[in-house]
Visitor: 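Can you keep this structure in mind? I'll have questions shortly.
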Protein chains: 2
Amino acid sequence: MTGVLEILGKRVREKREELGLSQEALADVCSFDRTYVSLIERGKRNISLVNLVRIAIGLNTSVSQLTEGIEDGSYPKR
Amino acid sequence: MTGVLEILGKRVREKREELGLSQEALADVCSFDRTYVSLIERGKRNISLVNLVRIAIGLNTSVSQLTEGIEDGSYPKR
DNA sequence: GTGTGACTACAAGTCCGTG
DNA sequence: CCACGGACTTGTAGTCACA
């Protein structure tokens, strides 16, 4: 019963490493702080939709791909 | 360029009306305030991922469906 | 039944640093 | 190169009275 944020973070990390980017490099592309990318990947931040789009673009993917199947068995704990 | 929030709001409204729900009824299902649903549908709120999941569940759909193709601002696209 | 502005509390996000 | 922390500013969450 992993939370949605952990699932997303895991996918972001996978995608990022596929592209051979460091957290800093990704942060640079998305104009995020380097520590923020770290927080997202570890599921520590409840990312907003517009930032989700920025990340998706930086990873050369789409929001719907990043969030595919994310609601199954993982209702947010608020 | 139409913002991603407007696109999302439009889809939420479409889905909601398809189900024959009022904003109040949807808000009830998602445990949101009635006015918050209104804000989302009008694209006035940069909704977070966990709330996106709640809305998706309340609408009997998925986050990835709601966010399909929103990153390039090309809404209808077919 | 819905749109809107305003409001407060707290999370998001930045910037400095450390091991 | 990354995890993590402290201190800080910006913005969202969530709600209300009223249009």
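Convention: sequence-line order gives letters A, B, ...; per-chain numbering from 1. Since we're looking at a predicted model, the values are computed, not measured.
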Visitor: Taking atom P of dA12(C) as reference, at what distance in whole Å does atom CG of L49(A) sit?
Guide: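 Taking CG of L49(A) and P of dA12(C), I get 15 Å after rounding.
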Visitor: Partners of E68(A) by salt bridge (Lys or Arg N to Asp or Glu O under 4.0 Å), sequence neighbours excluded?
Guide: none
Visitor: It should be established whether S22(B) places a side-chain nitrogen or oxygen under 4.0 Å from OP1 or OP2 of nucleotide dG1(C).
Guide: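 Answer no for this pair, as no side-chain N or O of S22(B) is under 4.0 Å from OP1 or OP2.
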Visitor: Ignoring hydrogens and angles, are the base of dG11(D) and the side chain of R45(B) linked by a donor-acceptor pair under 3.5 Å?
Guide: no
Visitor: Could you state the CZ-P distance from R13(A) to dC1(D), rounded to the nearest angstrom?
Guide: 15 Å
Visitor: For residues 39-71 of chain A, which residue pairs pass the ring pair (Phe, Tyr, Trp, His ring centres under 6.0 Å) check, not counting sequence neighbours?
Guide: none
Visitor: Hey, could you give me each pair passing salt bridge (charged side-chain N to carboxylate O under 4.0 Å, His left out) that has a residue in residues 23-38 of chain B? Not counting sequence neighbours.
Guide: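 Non-adjacent pairs meeting salt bridge (charged side-chain N to carboxylate O under 4.0 Å, His left out): zero.
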Visitor: Can you tell me the distance, in whole Å, between the CG atom of L21(A) and the C1' atom of dC2(D)?
Guide: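 One finds 15 Å between C1' of dC2(D) and CG of L21(A), rounded.
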Visitor: Rounding to an integer number of Å, can you tell me how far E24(B) CD sits from dG3(C) C1'?
Guide: 13 Å
Visitor: Under 4.0 angstrom, heavy atoms only, what part of the nucleic acid is R54(A) near: base, sugar-phosphate, or nothing?
Guide: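 R54(A): no heavy atom of the nucleic acid under 4.0 Å.
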Visitor: Flag the pair L8(A) / I55(A) as yes when at least one side-chain heavy-atom distance between them is below 4.5 Å, and no otherwise.
Guide: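 Result no, sub-4.5 Å side-chain heavy-atom pair not found.
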Visitor: Rounded to the nearest angstrom, tell me the gap between atom CG in L39(B) and atom P in dT12(D).
Guide: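 In whole Å, dT12(D) P lies 12 Å from L39(B) CG.
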Visitor: T67(A) vs L66(B), test: side-chain contact (heavy atoms from CB on, under 4.5 Å). Steps then yes/no.
Guide: CA-CA 10 Å; T67(A) 59; L66(B) 286 176; over 6 Å; no
Visitor: For R45(B), check side-chain hydrogen bond (donor to acceptor under 3.5 Å, both in side chains) against everything at least two apart and list the hits.
Guide: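 Once residues adjacent in sequence are excluded, R45(B) has no partner under the side-chain hydrogen bond (donor to acceptor under 3.5 Å, both in side chains) criterion.
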Visitor: Using a cut-off of strictly less than 4.0 Å, decide whether Y36(B) has a side-chain nitrogen or oxygen near OP1 or OP2 of dA13(D).
Guide: yes
Visitor: For R16(A) and dC2(D), is the shortest distance between a side-chain N/O and OP1 or OP2 below 4.0 Å?
Guide: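 Looking at the OP1 and OP2 atoms of dC2(D), one of them is under 4.0 Å from a side-chain N or O of R16(A).
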Visitor: Rounding to a whole Å, what distance do you find between D28(B):CG and dT15(D):C1'?
Guide: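 Rounded to whole Å, this separation is 15 Å.
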Visitor: Whole Å only: how far is the NZ atom of K44(B) from the P atom of dT4(C)?
Guide: 7 Å
Visitor: Between N46(B) and R42(B), name the one whose nearest nucleotide on DNA chain C is closer to the 5' end.
Guide: R42(B)
Visitor: Expressed in angstrom and rounded to an integer, what is the separation of Q23(A) atom CD from dC4(D) atom P?
Guide: 11 Å
Visitor: Who pairs with Q23(A) by side-chain hydrogen bond (donor to acceptor under 3.5 Å, both in side chains), at least two apart in sequence or on another chain?
Guide: E41(A)
Visitor: Write down the protein N/O and nucleotide N/O pairs, taken from nucleotides 16-19 of chain D, whose separation is under 3.5 Å; answer none if there are no such pairs.
Guide:
residue : atom : partner : partner atom : Å
dC16(D) : N4   : T35(B)  : OG1          : 3.2

